[in-house]
Asker: 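Okay, here's the structure, questions in a sec.
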Amino acid sequence: MTEGRRYLSFGGGVNSTALMLLLLDWGIEFEAVYADHGADWPETRDYVAMLKERGYPITVLETRRAGLPLYDYYLKYQLLPIRWMRHCTSAYKVKPLKAYFQKPCVTYLGIDAGEPHRGTPSRVEDEEREYPLVDEGIDRKGCEDIIKGHGLPIPRKSGCFVCPFQRVGQWKELLTRHPDLYCKARALEEAANRRITAGGKPPIYLSNTGRPLSAVAMEDQLDLFGERTPGFCLCEL
């Protein structure tokens, strides 16, 4: 067992919220750290703010690259988050958190018992990863039960509003609930593709359907294949 500080990588979703409550119930001393890159859905940021107002100890770490939050950085350089590289997760969550954590340390991650294959040992010297939800056999429903048991509302699935892992239904929800953010996502996609196609390459899109957001979010019928997420994003805890 690694001796040193203990941290919870807190994403503001169901799993990490349940894990935070569980660790508090167990009387474990730890620091919950939320990497705020500025592009999470407003509901997630509001949920984190609500928890802090209720007295839950959460450190909000503003993560920037070249002084810019995630969306502004990608727009300035006409880049798109892409599923097969996950550069956005690495640059705005994983690396800043690792830099913040004082070694030696234990890092708690909110992967639940329904997906134990996502848990991997740390490759960082003097850092040990632990997965209490997996160890305790707590699945997604169990996480929701823990949250309800503490009198808290269930948070939405956390993630960026420009996340390429979003399903078609989530892009439609973004357009309906936050049209300003939908317009920003569409502007980013169009800006990146102006650069990409100018270099003679085919366009790429945020949606996993292979179609632009202007087509995906406006359709009356859901694309059943597009509703499925091909993999997972590490932000969604």
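Here, residue 1 is the first one in the sequence, and each next residue gets the next number. Computed from a predicted structure; not experimentally measured.
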Asker: Flag the pair T17 / F10 as yes when at least one side-chain heavy-atom distance between them is below 4.5 Å, and no otherwise.
Answerer: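 Yes, side chains in contact.
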
Asker: Describe, in one word, how the ring planes of Y100 and Y7 are oriented to each other, choosing from parallel (under 30°), tilted (30 to 60°) and perpendicular (over 60°).
Answerer: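 Ring orientation, 0 to 90° scale: perpendicular.
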
Asker: Going from SG on C88 to NZ on K93, what distance comes out if it is rounded to the nearest 0.5 angstrom?
Answerer: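 Interatomic distance, C88 SG to K93 NZ, rounded to 0.5 Å: 10.0 Å.
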
Asker: Salt bridge check: are E43 and R177 linked by an N-O gap of less than 4.0 Å?
Answerer: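 Salt bridge present between E43 and R177.
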
Asker: With sequence neighbours excluded, tell me which residues meet salt bridge (Lys or Arg N to Asp or Glu O under 4.0 Å) with K148.
Answerer: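 K148 satisfies salt bridge (Lys or Arg N to Asp or Glu O under 4.0 Å) with no residue once adjacent residues are dropped.
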
Asker: Taking C-beta and beyond as the side chain, do P104 and E127 meet within less than 4.5 Å on heavy atoms?
Answerer: no

Asker: Could you tell me which non-hydrogen atom of A217 sits nearest to which non-hydrogen atom of W171, and how far apart they are?
Answerer: CB-O, 4.2 Å

Asker: Give the minimum heavy-atom separation between S90 and P96, together with the two atoms involved.
Answerer: O-CD, 3.9 Å

Asker: So does I196 get a backbone contact from the side chain of N193, meaning a donor-acceptor N/O pair under 3.5 Å?
Answerer: no

Asker: Would you confirm whether T44, through its side chain, and G12, through its main-chain N or O, come within 3.5 Å as a donor-acceptor pair?
Answerer: no

Asker: Please report the interatomic distance CZ(R140) to NZ(K157), rounded to the nearest 0.5 Å.
Answerer: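 Between R140 CZ and K157 NZ, I get 6.0 Å after rounding to 0.5 Å.
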
Asker: Just how far is it from atom CD of E130 to atom CD1 of I111, taken to the nearest 0.5 Å?
Answerer: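 Going from CD on E130 over to CD1 on I111, the span is 13.0 Å.
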
Asker: Could you walk me through whether C105 and R6 pass side-chain contact (heavy atoms from CB on, under 4.5 Å), step by step?
Answerer: CA-CA 6 Å; C105 68; R6 295 175 178 270; over 6 Å; no

Asker: Do Y34 and D40 get their side chains close enough for a donor-acceptor pair, meaning under 3.5 Å?
Answerer: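 There is such a pair (donor and acceptor under 3.5 Å, judged by atom type) between the side chains of Y34 and D40.
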
Asker: List the atom of F30, the atom of M20, and the distance in Å for their closest heavy-atom pair.
Answerer: CZ-O, 3.8 Å

Asker: Mind listing the closest non-hydrogen atom pair of A35 and T63 along with its distance?
Answerer: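 Heavy atoms only, the tightest pair is CB-CG2, 4.0 Å.
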
Asker: For a quick test of reading the model, state the closest non-hydrogen atom pair linking G38 to R45 and the distance between them.
Answerer: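 For G38 versus R45, the nearest heavy atoms are O-NH1, 3.9 Å.
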
Asker: Taking atom NE2 of H37 and atom CG of L61, what is their separation to the nearest 0.5 Å?
Answerer: 11.5 Å

Asker: L23 and L21: same hydrophobic cluster, using ILVMFWY side-chain contacts below 4.5 Å?
Answerer: yes

Asker: Applying the 4.5 Å side-chain criterion to the ILVMFWY set and letting contacts propagate, would L8 and V33 be lumped into a single cluster?
Answerer: no

Asker: Could you please spell out the steps behind the side-chain contact (heavy atoms from CB on, under 4.5 Å) verdict for T107 and E128?
Answerer: CA-CA 6 Å; T107 303; E128 180 181 342; over 6 Å; no

Asker: Between N15 (side chain) and G110 (backbone), is there a donor-acceptor pair under 3.5 Å?
Answerer: yes

Asker: Would you say that F165 contacts Q170 through its side chain, given a criterion of any heavy-atom pair below 4.5 Å between the two side chains?
Answerer: no

Asker: Test your reading of the model: is there a side-chain donor-acceptor pair from Y182 to the backbone of K172, 3.5 Å cut-off?
Answerer: no

Asker: May I have the step-by-step check of side-chain contact (heavy atoms from CB on, under 4.5 Å) for V216 and Y205, ending in yes or no?
Answerer: CA-CA 10 Å; V216 171; Y205 303 109; over 6 Å; no

Asker: Out of D112, D145, I146, which one pairs with I138 under the side-chain contact (heavy atoms from CB on, under 4.5 Å) rule?
Answerer: I146

Asker: For L68 and L75: C-alpha separation, side-chain torsions, deciding distance, then whether side-chain contact (heavy atoms from CB on, under 4.5 Å) applies.
Answerer: CA-CA 10 Å; L68 297 172; L75 184 63; over 6 Å; no

Asker: Have Q166 and W41 got a donor and an acceptor in their side chains that come within less than 3.5 Å?
Answerer: yes

Asker: For the backbone of L152 and the side chain of H150, can you confirm whether one donor and one acceptor N or O come within less than 3.5 Å of each other?
Answerer: no

Asker: Taking the six-membered ring of F161 (Phe, Tyr or Trp), confirm whether the NZ or CZ of K184 is under 6.0 Å from its centre and within 45° of its axis.
Answerer: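 Because its charged atom misses either the 6.0 Å distance or the 45° angle limit, K184 does not stack over F161.
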
Asker: Would L97 and Y92 show up in the same hydrophobic cluster when neighbours are defined by side-chain heavy atoms closer than 4.5 Å?
Answerer: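 L97 and Y92: separate clusters.
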
Asker: State the CZ-CG distance between R186 and L213, to the nearest 0.5 angstrom.
Answerer: 8.0 Å

Asker: Return yes if some donor-acceptor pair links the side-chain N/O of Q78 with the main-chain N/O of A191 below 3.5 Å, else return no.
Answerer: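 Yes: the side chain of Q78 pairs with the backbone of A191.
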
Asker: Ignoring hydrogens and angles, tell me if any N or O in the side chain of K103 forms a donor-acceptor pair with the backbone of K98 under 3.5 Å.
Answerer: yes

Asker: Would you mind reporting whether L133 and L109 have side-chain heavy atoms less than 4.5 Å apart?
Answerer: no

Asker: Flag the pair Y108 / L19 as yes when at least one side-chain heavy-atom distance between them is below 4.5 Å, and no otherwise.
Answerer: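 Touching, per the 4.5 Å side-chain cut-off.
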
Asker: Backbone N or O of L206 within a donor-acceptor pair of the E189 side chain at under 3.5 Å?
Answerer: yes

Asker: Taking C-beta and beyond as the side chain, do Y131 and R129 meet within less than 4.5 Å on heavy atoms?
Answerer: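 Yes, side chains in contact.
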
Asker: Any idea which heavy atoms bring P69 and R64 closest together, and the distance?
Answerer: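 It is N-CD, 3.3 Å.
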
Asker: Supply the atom-to-atom distance T89 OG1 to L70 CG, rounded to the nearest 0.5 angstrom.
Answerer: 8.5 Å

Asker: Less than 4.5 Å apart, any side-chain heavy atom of P42 and any of L181?
Answerer: yes

Asker: What verdict does the salt bridge (Lys or Arg N to Asp or Glu O under 4.0 Å) test give for E31 and R5, after you've listed the backbone C-alpha separation in whole Å, the side-chain angles of each residue and the deciding distance to 0.1 Å?
Answerer: CA-CA 8 Å; E31 182 180 2; R5 295 180 62 88; 3.1 Å; yes

Asker: Answer yes or no: is there a side-chain heavy-atom contact under 4.5 Å between R195 and L79?
Answerer: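 Result yes, sub-4.5 Å side-chain heavy-atom pair found.
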
